[in-house]
Amino acid sequence: MPEILDPASPKPRVRFAPSPTGFLHVGSARTFIFNWLYARHNGGIMILRLDDTDVERNTQASVDSIFDGLKWLNLGWDEEYKQSERLDLHRKTAWTIFEKGLAYRDFTPAHTGEAEKSGAQGTWLFNPGARELSRTESDRRAAAGEPFALRFRVPRDGGQLVRFADAVYGEQVKAAADIEDFALLRSDGMPTYHLASCADDADLRISHIIRGQDHLSNTYKHVLIFEAAGCTPPRFAHLPLLVAPDGTKLSKRRHGPVVSVTTYRDAGFLSEAFINFLCLLGWSPKNDRENMSLQELTDIFSLEGINRSNAVVNFKDAAAAPEETFDPKALWLNAEHIRALPVEELSARLLPIVHHAGFHTTPEKMLRITPLIRERIKLLRDVLTAADFFFVDQLPPYDPAELIPQKGDAAMAMKVLSRAREVLAKVEFKHDPLDQALRAAAQELGVKAGQMFQPIRVAVCGRKNAPPLFETLEVLGKEATLARIEQAVQKMR
RNA sequence: GUCCCCGUCGUCUAGCCUGGCCUAGGACAUCGCCCUUUCACGGCGGUAACACGGGUUCAAAUCCCGUCGGGGACGCCA
């Protein structure tokens, strides 16, 4: 269905509204991204709003985590608000609703959350005593200073229906009688999420609310609030949930740090790859494209491509090896994005990681190493295991048996290494001369090229699996190469 | 318990609205082969799915009903 924009505000205005009660997890990140993409694709405005009306649970650490994560995503936003600075608006909205008779004071003492959950009150809808209290009596008790919560008076008769059209889930209808009289203001005067969220959405002229499907059933309440406040509700688009391999909603408690955005950052994901990955969960361009740049995503993103079933983020338990913990597709996409990066840029991104790990190298050398490893790493962090031998003076210990070539023996390894030492001492350390010299040497010794190269590779890299030999030698240089071959020869003795 | 949502390969998905082109397509993962100085990249190929049961129809992954399964919401949390 084509987007019909409100003629009064042709530019869509969308918001990402996290509550700072935990770190930024991948589900929130995806919500942010989808909002951002929608805004950018349609030339609209992206708003960041901190929904911090729960003073009890807000923490500065959460605020920091959210900004850390968003900063890394590097997408930016156009306007920024804090709900705690807009309480007057929320209260005004609440009392407007009250004055219309659509809300009432509830003097019942606050329930303790636990008792409510375990009790047989699952079907609680409202407290008749509070709801039916006369206005005069209500005013009198309020004037006497008795604390109260303000509740929405949900229509109970006439079989009224609440409805809204969801851009993803379609036409939604629910009997008002099935909706409980939810709170608007707490007894301490603070607005609840429902109230604050709607009051702000209306005031900020939000045109589209794009958020997780866990809010789908809350939306009926929001529609009620918008209408009571005399506003036209925005359009809604609910996103299918991101779930863990066990099928449940992502949570730090159950799933650990794998659900935190910063975990991906720290492991060496490129934010553009991470964004790409998240976009593929619950949305599809429907043309088999998967590896996409941000520009491409912006160009083709649309609400119609969003599907309705939950998507599994296929991570393993945090206990697994670093490379094993992430969704294989995220890893693959990251490798793809790494390979797509210009060498200069990849090199520049790798350098700080190398330094941070305590290795010494120069930007110039890093630039020469980068092409040798870029097809061999999936995470930026992998540079540490793929190129370590370039950075150290002394190779870590390795098993001398590794020096023995395929279908060869110790004697052959010895013969190859000795000859390599002589040949390499004389040859220019450039790819072609190295290639020629070493192949010629292999022929003279009567061994296969591979049998010649493998002992040298192990002597120089300390392991069998490494980048191509001649390029490696070229970057490593004659001095280090000869020293390492000498050491290998000593090991064989 | 009440209400709501969802159900195509192991995973992400295309197809569903507008039944036939679907002996169900792509990707990741996995397995095999090729390329090759190792690893990787790349190329080629294989295994692998319409939850189940009814109905409607000449024809159903696609429409209808039911069952089962999964998820979400029900707070003076967001």
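No hydrogens, no waters, no symmetry mates; every other heavy atom, side chains included, goes into these values. Letters A, B, ... mirror the listed sequences (proteins, then strands); counts begin at 1.
Using a 4.0 Å cut-off, no side-chain N or O of R339(A) falls inside it from OP1 or OP2 of C41(B). Checking the phosphate oxygens (OP1, OP2) of C77(B), no side-chain nitrogen or oxygen of T53(A) falls inside 4.0 Å. For R57(A) and A78(B), the shortest distance from a side-chain N or O to OP1 or OP2 is not below 4.0 Å.
Side-chain to base pairing of S309(A) with C6(B): no donor and acceptor N or O lie closer than 3.5 Å to each other. Evaluation of atom-type donor-acceptor distances gives no pair under 3.5 Å for the side chain of R308(A) against the base of C6(B). Below the 3.5 angstrom threshold, one finds no donor paired with an acceptor across the side chain of N314(A) and the base of A29(B). The base of C4(B) does not come close enough to the side chain of K174(A) for any donor and acceptor atom to sit less than 3.5 Å apart. Taking 3.5 Å as the limit, the base of A27(B) and the side chain of K329(A) contain a donor-acceptor pair of atoms between them.
Using a 4.0 Å heavy-atom cutoff across all strands shown, Q83(A) reaches no nucleic acid atom at all. Counting any heavy atom pair closer than 4.0 Å across all strands shown, N287(A) reaches no nucleic acid atom. Nucleic acid contact class of K464(A) (heavy atoms, under 4.0 Å, all strands): base. Residue Q406(A) is out of contact with every strand shown, counting any heavy-atom pair closer than 4.0 Å. Residue contacts for A466(A): at a heavy-atom cut-off of 4.0 Å it reaches a base atom on one of the strands shown. At a threshold of 4.0 angstrom between heavy atoms, the contacts of G282(A) are confined to the sugar-phosphate backbone, with no base atom among them. When heavy atoms are screened at a 4.0 angstrom cut-off, L281(A) is found touching the sugar-phosphate backbone but no base atom. Using a 4.0 Å heavy-atom cutoff across all strands shown, F182(A) reaches no nucleic acid atom at all. Counting any heavy atom pair closer than 4.0 Å across all strands shown, N218(A) reaches a base atom. Across all strands shown, K249(A) has heavy atoms under 4.0 Å from sugar-phosphate atoms exclusively, and none from any base. Residue-level contact check: H194(A) touches the bases, meaning some heavy atom is under 4.0 Å from a base atom. Base engagement by P468(A) is indicated by at least one non-hydrogen atom pair under 4.0 Å involving a base atom.
For T192(A), the listed nucleotide lying nearest its side chain is A78(B); candidates were A27(B), A78(B), U11(B). Relative to the side chain of L241(A), the nucleotides G71(B), C12(B), C76(B) differ in distance, and G71(B) lies closest. When each of G72(B), U38(B), C5(B) is scored by its nearest atom to the side-chain atoms of Y169(A), the top-ranked nucleotide is C5(B). Among the nucleotides C12(B), U37(B), C74(B), the one closest to any side-chain atom of Q454(A) is U37(B). Comparing G71(B), C6(B), A78(B) by their closest approach to the side chain of Y193(A) singles out A78(B). If you check U37(B), A29(B), C12(B) against the side chain of L469(A), the one that comes closest is U37(B). For N465(A), whose side chain is taken as the heavy atoms from C-beta onward, the closest listed nucleotide among C39(B), C76(B), G71(B) is C39(B). Distance from the side chain of Q213(A) is smallest for C5(B) among the nucleotides C76(B), G42(B), C5(B). Closest contact between the side chain of L216(A) and the listed nucleotides U13(B), C74(B), C5(B) involves C5(B). Looking at the side chain of T248(A), the nearest of the listed nucleotides U37(B), G71(B), A29(B) is G71(B).
Rounded to an integer number of Å, the gap from CZ of F152(A) to P of C76(B) is 15 Å. Spacing between atom CG of L185(A) and atom P of C77(B) amounts to 11 Å, rounded to whole angstrom units. Counting to the nearest Å, the C1' atom of C12(B) and the CG atom of N310(A) are 13 Å from each other. In this structure, the NZ atom of K407(A) is 14 Å from the P atom of U37(B), given to the nearest Å. Atom-to-atom, NE2 of H337(A) to P of C41(B) comes out at 17 Å; the value is rounded to the nearest Å. Atom pair L184(A):CG and A78(B):C1' shows a separation of 15 Å (rounding to whole Å applied). As rounded to whole Å, 17 Å separates atom C1' of C3(B) from atom NE2 of H215(A). Remark: P of G75(B) and CG of L150(A) are 17 Å apart, rounded to the nearest angstrom.
Aromatic pair H431(A)/F470(A): centroids less than 6.0 angstrom apart. Here the two rings, on Y193(A) and H222(A), have centers that are under 6.0 Å apart. For F301(A) and F34(A), the ring centers sit closer than 6.0 Å to each other.
Summary of the strand contacts: K286(A) and R186(A) both lie near RNA chain B, and taking for each the nucleotide with the nearest heavy atom, the more 5' one is attributed to K286(A). Between D54(A) and E171(A), it is E171(A) whose nearest contact on RNA chain B lies nearer the 5' terminus.
Between Y104(A) and D181(A), the side chains place a donor N or O and an acceptor N or O closer than 3.5 Å (distance only, hydrogens not considered). Using modelled atom types and a 3.5 Å distance limit, the side chains of T31(A) and R211(A) yield no donor-acceptor pair.
Spacing of P atoms, U8(B) relative to U13(B), comes out at 10 Å, to the nearest Å. For the C1' atoms, the distance from C65(B) to U2(B) is 23 Å, rounded to whole Å. Separation of the C1' atoms belonging to A78(B) and C41(B) is 46 Å when rounded to the nearest angstrom. Here, U18(B) and C63(B) have their P atoms 9 Å apart, quoted to the whole Å. Only the C1' atoms considered, C58(B) is 12 Å distant from G19(B), to the nearest whole Å. The gap from the P atom of U36(B) to that of C31(B) amounts to 23 Å, rounded to the nearest Å. One C1' atom belongs to C35(B), the other to C44(B), and the distance between them is 11 Å to the nearest Å. Distance noted for atom C1' between C9(B) and C4(B): 29 Å (whole Å).
With a cut-off of 3.5 Å on both Watson-Crick or G-U wobble distances, the partner of U30(B) is given as G46(B). Using the Watson-Crick or G-U wobble rule with both distances under 3.5 Å, U67(B) pairs with A51(B).
For the pair K491(A) and Y398(A), the cation-pi test (distance below 6.0 Å, angle within 45°) is passed.
Ion pairing of R439(A) with D435(A) is present here, as a side-chain N (NZ or NE/NH1/NH2) and a carboxylate O approach within less than 4.0 Å.
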